[in-house]
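All remarks here apply to the structure that follows.
Numbers here are sequence positions counted from 1.
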Amino acid sequence: QVLLVESGGGLMQAGGSLRLSCAASGRTFSNNAMGWFRQAPGKEREVVAAISWDGSTRYYTDSVKGRFTISRDNAKNTVYLHMDSLKPEDTAAYYCAARPRPWYSYVASDYDVWGQGTQVTVSS
């Protein structure tokens with residue numbers, strides 16, 4: 001069983017930066033594509049970014065392109081989401097997720113293990 005634990009969320013002013021981390025344990029992390037999703041109150045969960053097993057391919061939703069960077073360190077079993085130029089509309093609970101396939105997907109149902117989430121709040 002894979003366990004994912006997110007950290008790094010918090011309160012930030014608009015224009016600031018945060019780095020989220022997701023530490024994985026359990027099955028072979030390096031075989032899994034990973035994704036970051038977010039859910040704001042009253043809204044559906046949406047994909048933010050995703051990365052293939054080896055980091056060679058990455059996906060970003062349009063609203064975060066140029067501001068967010070997803071990366072992974074398979075030696076540390078950790079995936080990161082570096083967020084720059086934060087906006088109030090980035091406020092949400094952020095979740096990392098593991099997919100039992102090497103290539104990423106931007107569909108939430110393709111991921112079978114989820115972390116507990118970390119809150120990001122951006123004030124204007």
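Cluster annotation: Val113 is not connected to Leu3 through the hydrophobic network of ILVMFWY side chains, with a link wherever side-chain heavy atoms come within less than 4.5 Å.
With contacts defined as side-chain heavy-atom distances shorter than 4.5 Å, the pair Arg72/Asn77 does not qualify. At least one side-chain heavy atom of Trp36 sits less than 4.5 Å from a side-chain heavy atom of Leu81. In this structure, Val79 and Ile70 have side chains that are in contact, with non-hydrogen atoms separated by less than 4.5 Å.
Not one N or O on the side chain of Gln13 forms a donor-acceptor pair closer than 3.5 Å with the backbone of Ser123. Of the possible donor and acceptor atoms, none in the side chain of Asn32 sits under 3.5 Å from a partner among the backbone N and O of Met34. Checked by atom type and distance alone, the side chain of Thr91 pairs as donor or acceptor with a backbone atom of Val122 at under 3.5 Å. No donor-acceptor pair under 3.5 Å is formed between the side chain of Ser21 and the backbone N or O of Tyr80. Between the side chain of Ser17 and the backbone N or O of Asp84, no donor-acceptor pair lies under 3.5 Å.
Contacts of Ser105 classified as side-chain hydrogen bond (donor to acceptor under 3.5 Å, both in side chains), with partners at least two apart in sequence or in another chain: Asp110. Applying the side-chain contact (heavy atoms from CB on, under 4.5 Å) test to Pro102 and every residue at least two apart in sequence or in another chain returns Trp53. Legend: residues meeting salt bridge (Lys or Arg N to Asp or Glu O under 4.0 Å) with Asp112, ordered by chain and number and at least two apart, are Arg27. Here Arg99 pairs with nothing under the salt bridge (Lys or Arg N to Asp or Glu O under 4.0 Å) rule; sequence neighbours left out. Listed by chain and number, the residues in a salt bridge (Lys or Arg N to Asp or Glu O under 4.0 Å) with Arg19 amount to none (sequence neighbours excluded). Partners of Glu89 according to the side-chain hydrogen bond (donor to acceptor under 3.5 Å, both in side chains) rule, which considers only residues two or more places apart in sequence or in another chain, do not exist here.
Atoms CE and OH, on Met83 and Tyr94 in that order, are 5.5 Å from each other to the nearest 0.5 Å. One distance of note links CG of Leu20 with CZ of Phe68; it measures 8.0 Å at 0.5 Å rounding. Taking CD of Gln39 as the reference point, atom CD of Gln119 lies at 10.5 Å (rounded to 0.5 Å). Rounded to the nearest 0.5 angstrom, Phe29 CZ and Cys22 SG are separated by 7.0 Å. Within the model, atoms CG of Leu4 and OG of Ser25 stand 7.5 Å from one another, a figure rounded to the nearest 0.5 Å.
In this structure, Arg67 is not positioned above the aromatic face of Tyr60 in the sense of NZ or CZ being under 6.0 Å from the six-membered ring centre and within 45° of the axis.
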side-chain contact (heavy atoms from CB on, under 4.5 Å) assessment of Leu18 paired with Leu86: CA-CA 8 Å; Leu18 282 174; Leu86 283 163; 4.0 Å; yes

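When all heavy atoms of Tyr104 and Ser52 are compared, the pair lying nearest together is CD2-N, 4.0 Å. For the residue pair Arg58 and Thr69, the shortest heavy atom distance occurs at NH1-CG2, 4.0 Å. The two residues Ala40 and Ala92 make their nearest non-hydrogen contact at N-CB, 3.8 Å.
Residue-environment remark: OH (Tyr106) stays at or below the threshold of 12 foreign heavy atoms within 6.0 Å.
Residues Asp73 and Thr78 bring no donor and acceptor atom of their side chains to less than 3.5 Å of each other.
Ring orientation note: the planes of Tyr111 and Phe37 are nearly perpendicular, at an angle over 60° on the 30°/60° scale. Between Tyr95 and Trp114, the two ring planes are perpendicular [angle over 60°; tilted spans 30° to 60°].
The residues Lys87 and Asp90 are annotated as not salt-bridged, no charged nitrogen and carboxylate oxygen being separated by less than 4.0 angstrom.
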